[in-house]
**Q** 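Sharing a structure, written as structure tokens. Questions coming.
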Amino acid sequence: MPKRLWNLFCRSRIGRSIFRVGLPASSLDRMRAAVSSFVLHIHPAKVHARTLKFSTTFGLGLISLYLFIILSVTGALLMFYYVPSTTQAYDRMLDLRGTVAFGIFLRNMHRWAAHAMVAVVFLHMCRVFLTGAYKPPREFNWVIGVFLLLVTFFLSFTGYLLPWDQLAFWAITVGTSIAGYAPVFGKEVKFLLLGDSTVGQEALLRFYVLHVAVLPIVLTMLATIHFWRIRKDGGLARPAEEDAASGDASGAGDVAIVSAPAVVIATSAGAAAAARPLAEKRQYGIQGLVRGQLTKVGSLSDRFRFSWPDLFQAELLVFVITVAGILLVSLFFNAPLEEPVNVMHPPNPAKAPWYFLGLQEMVSYSAFWGGVGIPTIEVLILLLVPYLDRKQVGVGKWFAKERLLPNSLFMTFAVVNVVLMVIGTFFRGANWEFVSPW
Ligand code: HEM
């Protein structure tokens, strides 16, 4: 019944002005729905079967996106209550906890989704590296990804100050003092961030504006280019053999409908085509739209699936699991809120947010190298990776044998950073002395 009502609505004058296709009943309709809808047309009409396999990506890029959406929605709701003032911010946190309906739940969701996003974006970067998916033609998308990672860190960091409790104040004091170790411009950068020489009202206002407006806009713009590039680079990276098996030399999987009713062409996915060794060209004819036997190049099997329903269902499932996970964690664990800020009583040790504790640990050995030198070199190497390692081997395969050296180097980088973070979090006590967590 709802299906019939929906179809009736879609066929009405108003319905047709909004949705060009009703609930699709055929492959042609499904394809047309995918390319004519604002949200769905970000996807190709067909994707390679490998894209749909969970182990290809573990859904990590999508989960990052969904966490950002959860953060935007809960963040907008929190903005109705929050005031970026040193005299009011903490009280507003107490209000959220005590008097605002579902206030604490909203804050929990925002806080846990923010932590999760930092971790998931990092894991997504690891998956892209370990499957060699940064190689041509995807070098630039990797570079955009590195900026996305940095913006994610900075978004989380600027949000940390807003509750204006002891944890927030001292974490940001430590974090921004790390920026101050930079040579030449260190002091200026710190002043630019804080609007003052210490963390106070100016810093709170600056962090607030960065957190609710500037950085989300930057992240949205970068993410939009990131998704557009995924399509233009020929969908997700996959081994060359897969294309040979499917008869798709361009690696595109990027099928576009050229105006209704029914002519379909394969786009050549520009750079992707240039970068891959060409085998036979995949071709789509009008027959590609009707159910049943397709015209195939030779006797090769067609490994492409319609995005509707296969890809959309998978994306919906990942969305539901992500939202459910955050809801569940928020139900059982409250976001921390410590005492109100007391500038005379720093906790000992005063720790930066967990994802900067690796830096803080390195700073304890050398302020300049730990806080600025090594992180800058790490970011530069990450940005250059796809331009240094260009050989088309092991692309789209986890831990490919041919990529033993780059994968080992990357794993060392990732593990060292995680170990330093763990040491900073659990093994450092008063005066940054080594302590046992047990
Ligand atoms: C806010 C952060 C990010 C979001 C929302 C995001 C989202 C996505 C999505 C949805 C995909 C396709 C599906 C998937 O791989 O799971 C993807 C692919 C990709 N991402 Fe990201 N990403 C982010 C950060 C990064 C970072 C930090 C890097 C690397 C430094 C990166 C590099 C790439 C590359 C190269 C691809 C194409 C992979 C392939 O062809 O297999 N992304 N991203």
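Values reported hereafter were calculated over all heavy atoms of this structure, with side chains retained and with hydrogens, waters and symmetry mates removed. We number each residue from 1, following the sequence as shown. Counting starts at 1 for both ligands and their atoms, following the listed order.
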**Q** What do we get for Leu236 next to ligand 1 when only non-hydrogen atoms under 4.0 Å count, side chain, backbone, both or neither?
**A** both
**Q** For Phe58 and Phe54, take the angle between the two ring planes, folded into 0 to 90°, and tell me which bin it lands in: parallel under 30, tilted 30 to 60, perpendicular over 60.
**A** perpendicular
**Q** When you measure from atom 24 (C) of ligand 1 to every protein heavy atom, which one gives the shortest distance, and what is it?
**A** His124 CD2, 3.5 Å
**Q** Looking at Pro239 and Lys397, what are the two nearest heavy atoms and their distance?
**A** CG-CG, 3.9 Å
**Q** Which atoms of ligand 1 are found less than 4.0 Å from any heavy atom of Val146?
**A** 30 (C)
**Q** With a 4.0 Å cut-off on heavy atoms, is Phe227 in contact with ligand 1?
**A** yes
**Q** Give the atoms of ligand 1, by number and element, whose distance to some non-hydrogen atom of Leu149 is under 4.0 Å.
**A** 27 (C)
**Q** Is it the side chain (CB and beyond), the backbone, both or neither of Ile230 that lies under 4.0 Å from ligand 1, heavy atoms counted?
**A** side chain
**Q** Could you check atom 4 (C) of ligand 1 against the protein and tell me its nearest heavy-atom contact, residue, atom and distance included?
**A** Ser64 CB, 3.9 Å
**Q** For Glu315 and Tyr66: C-alpha separation, side-chain torsions, deciding distance, then whether side chain to side chain contact (heavy atoms under 4.5 Å, CB included) applies.
**A** CA-CA 10 Å; Glu315 289 185 348; Tyr66 295 151; 3.5 Å; yes
**Q** Relative to each other, are the rings of His110 and His211 parallel, tilted or perpendicular (30° and 60° limits)?
**A** perpendicular
**Q** So, applying side chain to side chain contact (heavy atoms under 4.5 Å, CB included) with Val118, which one of Pro353, Ser64, Ser156 is it?
**A** Ser156
**Q** Please state which protein non-hydrogen atom is closest to atom 29 (C) of ligand 1 and give its distance, to 0.1 Å?
**A** Trp142 CE3, 3.5 Å
**Q** Tell me, which protein residue and heavy-atom name are nearest atom 40 (O) of ligand 1, and how many Å apart are they?
**A** Ala237 N, 2.8 Å
**Q** Would you say the rings of Tyr208 and Tyr82 are close, in the sense that their centroids are separated by under 6.0 Å?
**A** yes
**Q** Could you identify the single nearest non-hydrogen protein atom to atom 28 (C) of ligand 1 and state the distance to 0.1 Å?
**A** Gly145 CA, 3.3 Å
**Q** Look at atom 16 (O) of ligand 1 and say which protein heavy atom is nearest, naming residue and atom and giving the distance to 0.1 Å.
**A** Gly61 N, 2.9 Å
**Q** Examine ligand 1 and decide if any of its atoms is less than 4.0 Å from a heavy atom belonging to Arg127.
**A** yes
**Q** Test side-chain hydrogen bond (donor to acceptor under 3.5 Å, both in side chains) on Trp308 and His43 and set out the steps.
**A** CA-CA 10 Å; Trp308 184 320; His43 309 76; over 6 Å; no
**Q** Within the structure, is a non-hydrogen atom of Met117 found at a distance of less than 4.0 Å from ligand 1?
**A** yes
**Q** Locate the shortest heavy-atom distance separating Ala33 from Leu40; write the atom from each residue and the value.
**A** O-CD1, 4.1 Å
**Q** Going by heavy-atom distance to atom 6 (C) of ligand 1, choose the closest among Arg50, His226, Lys135.
**A** His226
**Q** Any idea which protein heavy atom is nearest atom 3 (C) of ligand 1, and the distance to it?
**A** Leu148 CD1, 3.8 Å
**Q** Taking only heavy atoms of Met125, which atoms of ligand 1 are found under 4.0 Å from at least one of them?
**A** 29 (C), 30 (C)
**Q** Spell out, as yes or no, whether a donor-acceptor pair under 3.5 Å connects the side chain of Gln392 to the backbone of Pro136.
**A** yes
**Q** My understanding is that we take every heavy atom of each candidate and find the minimum distance to atom 37 (C) of ligand 1. Doing that for Glu139, Arg229, Arg138, which one comes out nearest?
**A** Arg138
**Q** With a cut-off of 4.0 Å, which atoms of ligand 1 are near a heavy atom of Ala133?
**A** 35 (C), 38 (C), 39 (C), 41 (O)
**Q** Verify, without hydrogens or angle tests, whether Arg403 (side chain) and Phe129 (backbone) share a donor-acceptor contact under 3.5 angstrom.
**A** yes
**Q** Do other residues, nucleotides or ligands put more than 12 heavy atoms under 6.0 Å from Tyr387 OH?
**A** yes
**Q** Return the orientation label for the Phe410 and Trp142 ring planes: parallel under 30°, perpendicular over 60°, tilted otherwise.
**A** perpendicular
**Q** For atom 35 (C) of ligand 1, what's the nearest protein heavy-atom neighbour? Residue, atom name and distance, please.
**A** Val128 CG1, 3.4 Å
